[in-house]
Amino acid sequence: MLNLGIIAFAQPWVLLGLGALPVLWLLLRVTPPAPKRQLFPALRLLLGLKPTEETPARTPWWLLALRMLIAALLVVAAAEPLFNPSAGLAGRGPLLLVIDDGWSAAPRWEDRVTSWNQLLERAERQQRQVILATTAEDTGGQTGLISDQLSPAQARERLSALQPKPWPVNRRALLESLTGLTLQAGTQAFWLSDGLASDGAAELATTLQRLGSLTLISDPPTVLAKTLLPPEHGAQNLGAVVRRSVIGAAETVAVEAYAENGRLLGRSEALFEPDAGEVSVSFDLPIELRNEAVRLSLASAGGRSAAGVALLDERWRRRPVGLFSPDRLAADKPLLGELFFLEKALAPFSELRRGSIEELLSRDLSMLILADSGTLSPEEHDTLVDWVEAGGLLVRFSGPRLLDAVAATGGSPQALLLPVRLRPGDRLLTGSLAWGQSGTLADFPPDSPFHGLAGSTEVSIGRQVLAEPSLDLANKTWARLEDGTPLVTSAPQGEGRLVLFHTSANSSWSNLPLSGLFVDMLRRIVEVSEGVEASAEGTSLPPIQLLNGFGHVVAPWPEAGELTDPATKPSAATPPGLYGLQGERRAVNLGPNLSELAPFEVTAAGVIQETYQRDQETNLLTPLLTAALLLATLDLLIALLLRGLVQKPRFLTAAGATGAVLGFALLVSLPFGALAQQSIYEGTPQDPELFALEASNETRLAYVLTGVPSIDRVSEAGLTGLTLVLRQRTSITAAAPFAVQLGRDELAFFPLLYWPVTREQRPLDATARQAVADYMRNGGTIVFDLQEERVGRGLGGLLTPGEAALRAITAGLDLPPLAPIDPDHVLTKAFYLLQDFPGRLQGGLPWVENVGEEQNDGVASLIITSGDWAGAWAIDDRGAPILPVTPGGERQREMAYRVGVNLVMYALTGNYKADQVHVPFILERLGQ
């Protein structure tokens, strides 16, 4: 490459062609122009005939100069001139590209993609081989991966499939792999780093520097990745802790809480003090909303990674527990009353409520505890039976009142809502009338929810009620004394469960309420109230959902293993995510298992340090070829004028005609992009207040500006055509569509947003990404149109150009899982009955988010198609179609209009047509 300051040539040897210009000048000079044909009377030729010597006419000098300029432009364009060229690669050896692809690279992953593409372009110009190396384990658990020498094209293809991993990097493993690697002298290494320190980082930098030279590219210290730590178990409020690596500047962070269906439950912000490395964030949510939270996520761009997400399982839920005692004054006495001990034990991890049985059951309740209650009134009994059989958990404690009720009813389980039949009277284990046996606890049976708790030897039971012996008594026993008598029994009733402690809830019958074991036992029972059974030790939990490198919840991949130890740190074998069986889910989070974050400080001498940034280099090949084409067109027009094949206006001389044509050529070479963009925006108000007013007063469709004028014009014409069809065929009186620019225009006014996908679009910035996420979360529907023959081939690993562009554009967005549209989907019957969804192209079936009826009226927030719907809808000012439809012609265009009508009706009415009341009419139209 020849570098001349702000101009460089990638193929400088082509410039030797400029030496042929003098020869070309001479050839053009001696070649006369084509003769001009003119009809004259034959005799007229003999008049005034003079014997003069004839000489050939020559091409005008200015036409020769024009043709020389065209030839020079072609030669210079072939040399690939570069404006503001980036520095070339040093040395003559291969390019070694080391990439940190762990969790911390995800927040600004698009910067890594831009950087390695720029480096591969340099290698391609200099015909250098490329060696790729990654620092994170792959999904199969292999570390220190180093490729063979590849061509830049092969390296680019391999890197197109690279994604950040949801676990830390292992630079030590790569260092060991590099130790035995023999490379050609003059190797230049580029390390695309995440900027964080780790084991082996300094040694890896030194080793890479010794290979030839090392350029370390990393994020600025102010934008390094952050981690999110989940709330502490048993915390009173739902909250989290955010950590950062750089201390020294104030910074505001935001954390969002989400329900399982993706609904935003709350958002909370906190301020990092200049000297703080972590900050706490808390949410003020009602207990019902708090218990719906399954995921906390950092909302900033620096937190969109697996470590910026905290998954919550049942251990973080505060279950509402009701406490009831017939004598509230006695039950509340400190160190004496039953409710005093129960409140102290349950308060750290439950939401406690007091009141009558009717008042407690009027709200959602996970568990109800009756502290030494006697005979229940018929109304209370019937209410409790209905509640338990519907799935409630009723816990009873023994005491004098229960003994009286047992004596009155004979210990009937049905009358007293007990899991077992009780014997009248009680059993004393201490004092002069004791039975002579100690009331110490035995080990908890394996099928008990208390299994795994360490029984305290200091716990002793002084008094208890006894269960009548029965064949199934052992199966109903959760805890027993060393002599085998039951201490805690349980039995199912309907969908719920009954639990009885055969001792009191205060210290009058035992010292169990004074021990930490009492707290642990109640915690396990609260977990059972939500169907979370305690698993036996060593149980393997298969993955249910996993987090990818960007912090998105995805389906488990085949290489992911089962969780055998809850204390296992996330890795390629057990990635962060949710693991479990039907009755138990265990969240494995990356944030708490990471060491303290610290920026990586390079100590090796001679290492060049840079930050991720886009090159200012501009390739002039296209502008020069365009200029040569325009001048060649001008040359053709001039040649036609000189030969008389084009009639010359009388008021123009030859030079004037040349000047006019040249002026026209310069005019058409102006950048049409801005003019086209302005024309597209003519119908969309630029003033934000006027935009909001007009968008909210009438129903409008909207489309996303892509920056490609031809695509944007088709989008405008397509939505205009669809709007006209809606007015003619439905009751929707929609106004003209609006063009929106993401990150600038408010999207909440539009029920439907049409987004054509082009390869020219760049990934969204933080503002635009947040706007799109809010729009989808708050009920809006986005239609991504890939504008290619079919969609879905990328699911097997091979991405189409449209799918690759879509992934690049939506990088960092938390997109929901999609599936091909079902034949019974509401979109197939929202207005017309449809079986396929064609557009200008015969694309495949659309991919739609699978949502429940409780979420946004059953309307999907995301639809992906490939048929170029807007191209089929597009009309001109006269209402005539603009683009041809293949292969079905006008019949296919009509079906595309029906698809558009169904799409708009679906976005506006939701699951209205999914109601059962419409089934007879739909079946009648189908002829069934």
Side-chain angles (χ1 to χ4, degrees), residues 82-84 86 99 105-122 156-157 159-164 192 217 219-220 223 300-302 304-305 549-550 552 610-619 621-623 671-674 676-678 680-681 702-715 739-745 747 753-776 782-788 794 799-815 862 864 870:
L82 306 173
F83 183 73
N84 285 332
S86 57
I99 301 173
R108 301 187 67 185
W109 183 252
E110 59 272 13
D111 293 341
R112 277 82 174 160
V113 176
T114 300
S115 294
W116 76 50
N117 282 330
Q118 293 170 353
L119 292 172
L120 292 178
E121 288 178 4
R122 299 186 204 175
R156 187 178 292 108
E157 181 180 359
L159 288 175
S160 64
L162 185 65
Q163 294 290 326
L192 307 186
I217 307 175
D219 290 317
V223 296
S300 62
R304 298 193 180 278
S305 67
F550 296 106
H552 300 161
E610 299 178 358
T611 58
Y612 292 103
Q613 56 187 353
R614 185 178 296 274
D615 284 348
Q616 301 301 317
E617 178 181 280
T618 303
N619 195 322
L621 174 64
T622 301
F672 284 99
Q677 193 82 332
Q678 184 177 3
I680 291 171
Y681 249 115
Y703 62 94
V704 174
L705 287 172
T706 64
V708 182
S710 59
I711 298 295
D712 294 339
R713 283 194 294 268
V714 171
S715 298
V740 296
Q741 184 172 338
L742 300 177
R744 193 194 74 170
D745 298 326
L747 307 179
L753 192 62
Y754 181 78
W755 190 337
V757 176
T758 64
R759 281 175 284 183
E760 292 79 6
Q761 298 178 67
R762 293 184 178 181
L764 303 178
D765 57 25
T767 304
R769 190 161 47 234
Q770 186 62 46
V772 172
D774 293 342
Y775 176 75
M776 296 173 60
I782 297 180
V783 178
F784 285 106
D785 198 330
L786 307 186
Q787 302 176 327
E788 55 189 15
L799 292 180
T800 66
E803 291 166 345
L806 178 61
R807 284 197 177 184
I809 294 170
T810 59
L813 274 177
D814 191 3
L815 298 181
L862 183 60
I864 299 179

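Start at 1 with the first residue, then count along the sequence. This structure is a prediction, so every number in the text was calculated from the model and none was measured.
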Between atom [atom1] of [X] and atom [atom2] of [Y], what is the distance when rounded to the nearest 0.5 Å?
| X | Y | atom1 | atom2 | answer |
| --- | --- | --- | --- | --- |
| Leu815 | Thr810 | CG | OG1 | 5.0 Å |
| Trp116 | Ile99 | CH2 | CD1 | 5.0 Å |
| Ile782 | Met776 | CD1 | CE | 5.0 Å |
| Thr611 | Asp111 | OG1 | CG | 9.5 Å |
| Ile217 | Leu119 | CD1 | CG | 5.5 Å |

Minimum heavy-atom separation for [X] to [Y], with atom names?
| X | Y | result |
| --- | --- | --- |
| Asp785 | Ala870 | OD2-N, 4.3 Å |
| Ala805 | Val757 | CB-CG1, 3.7 Å |
| Leu192 | Arg112 | CD1-O, 4.0 Å |
| Leu747 | Leu742 | CD1-CD2, 3.9 Å |
| Arg304 | Ala106 | O-CB, 3.7 Å |
| Ile809 | Thr758 | CD1-O, 3.9 Å |

Check the angle between the aromatic planes of Trp755 and Phe784 and answer parallel, tilted or perpendicular using the 30° and 60° thresholds. tilted

Check: Gln770/Asp774 side-chain N/O donor and acceptor closer than 3.5 Å: yes

Please check this pair: side chain of [X] against backbone of [Y], looking for a donor-acceptor N/O pair closer than 3.5 Å.
| X | Y | answer |
| --- | --- | --- |
| Glu788 | Gly802 | yes |
| Gln761 | Pro756 | yes |
| Arg769 | Leu813 | no |
| Arg807 | Glu803 | no |

Answer yes or no: does atom CD of Gln163 have more than 12 heavy-atom neighbours from other residues, nucleotides or ligands under 6.0 Å? yes

Can you find a heavy atom in the side chain of Gln787 that is under 4.5 Å from one in the side chain of Ile711? yes

Please test Val113 against Leu162 for side-chain contact (heavy atoms from CB on, under 4.5 Å), starting from the C-alpha separation and ending with a verdict. CA-CA 9 Å; Val113 176; Leu162 185 65; over 6 Å; no

